[in-house]
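All figures in this text were calculated on a predicted structure; none of them were measured in a lab. By convention in this document, chain letters (A, B, ...) are assigned in the order of the sequence lines, proteins followed by strands, and residues within each chain are numbered from 1. Side chains included, hydrogens not; waters and symmetry mates left out as well; all remaining heavy atoms used.
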Amino acid sequence: MKVIQHTASRTTRGKNLTIVYGIHDFPVGNILVALTAEGLCWLGINCDVAKLHENWKGAELVEDKAATTKAAREIAKLWPDSLHKLSIPIVLYGTAFQLKVWKELLHIKSGSTVTYEHIARKIGKPKAVRAVGSAVGRNTVSIVVPCHRVVNKSSDRINYGWGPAIKKALLKGEKVA
DNA sequence: ATTTACCGTGCTT
DNA sequence: AAGCACGGTAAAT
């Protein structure tokens with residue numbers, strides 16, 4: 001899977017960018033798939049356009065379901081085990097820290113989970129656990145960048161941007177207890 | 001059981 | 001420019 005990276009903050013990303021999007025079926029709910037000219041830049045679960053707009057301020061949003069169908073179908077077909085084979089590049093816009101965290105997520109194998117602490121250590125900032133939590137939560141390409149595979153060390157709490165139920169459903173689909 | 005300290009980011013003062 | 005709340009965690013009260 002090809003990964004294209006851009007350094008940007010949440011407030012600057014989307015400038016001079018045209019994004020086409022469409023909403024499609026997926027096993028755990030609807031997904032909103034959004035593409036730039038470069039590739040897949042956003043994947044939201046049960047997500048509406050307002051949310052997309054919030055995260056891509058300044059971008060021109062164009063609904064075009066036909067344009068996103070191919071991507072959506074491929075994602076549904078490859079999930080849960082083979083998303084790394086995705087033929088469409090994923091496009092990440094984030095701060096240097098966020099990009100590090102998100103790339104680290106891509107190394108987690110389907111069916112396994114890691115803790116926030118583990119990621120923090122991997123990127124060389126063992127004390128930035130909490131910051132890692134923020135970064136994981138701001139991932140723009142859920143499912144493909146597997147933010148749902150990051151769990152609390154003492155799994156008594158489950159947090160997830162798209163709702164705890166979705167996180168559980170995703171992990172269940174990937175055969176995690 | 002509660003508090004405290006640490007990290008980076010975006011929102012509110 | 002400064003303060004604050006987070007998708008965390010361990011250690012000291």
Looking only at non-hydrogen atoms, find the nearest pair between A:Ala72 and A:Val33 and report the distance.
-> CB-CG2, 4.0 Å
Pick the C1' atom in B:dG10 and in C:dT9, then give their distance to the nearest Å.
-> 23 Å
In whole angstroms, the gap separating P of C:dA5 from CG of A:Asn159 amounts to 17 Å
Would you mind reading off the distance between A:Asn152 atom CG and C:dA10 atom P, rounded to a whole angstrom?
-> 11 Å
Does any donor atom in the side chain of A:His6 or A:Glu38 lie under 3.5 Å from an acceptor atom in the other side chain?
-> yes
Take atom C1' in C:dG7 and the same atom in B:dA1, then report the distance between them in whole Å.
-> 23 Å
Distance, P atom - from B:dA5 to C:dG3, rounded to whole angstrom | 16 Å
Quote, to the nearest angstrom, the C1' distance that separates C:dA11 from B:dG8.
-> 22 Å
So, are A:Glu74 and A:Lys85 salt-bridged, with charged N and O less than 4.0 Å apart?
-> no
Under a 4.0 Å heavy-atom criterion, the protein footprint on nucleotides 8-13 of chain B, written with B, S and -, is BBSS--
Between OH of A:Tyr160 and C1' of C:dG7 the distance, given in whole Å, is 11 Å
To the nearest angstrom, how far is A:Ile45 atom CD1 from C:dG7 atom P?
-> 16 Å
Begin from the C-alpha positions of A:Ser142 and A:His148 and carry the test side-chain hydrogen bond (donor to acceptor under 3.5 Å, both in side chains) through to its verdict.
-> CA-CA 8 Å; A:Ser142 349; A:His148 57 282; over 6 Å; no
Could you measure between the two C1' atoms, the one in B:dT9 and the one in C:dA10, and give it in whole Å?
-> 23 Å
To the nearest 0.5 Å, what is the distance between CG (A:Asn30) and CG (A:Asp48)?
-> 11.5 Å
5'-most contact on DNA chain C (nearest-nucleotide basis), A:Lys153 vs A:Asn139, goes to A:Asn139
Which nucleotide, in any strand shown, forms a Watson-Crick or G-U wobble pair with B:dC11, with both distances under 3.5 Å?
-> C:dG3
May I ask you to decide if A:Val150's main-chain N or O and A:Lys167's side chain share a donor-acceptor pair within less than 3.5 Å?
-> yes
Let me know the distance between CZ of A:Arg121 and P of C:dG8, rounded to the nearest Å.
-> 17 Å
Value rounded to 0.5 Å, distance of CH2 in A:Trp162 from CD1 in A:Ile143 | 10.0 Å
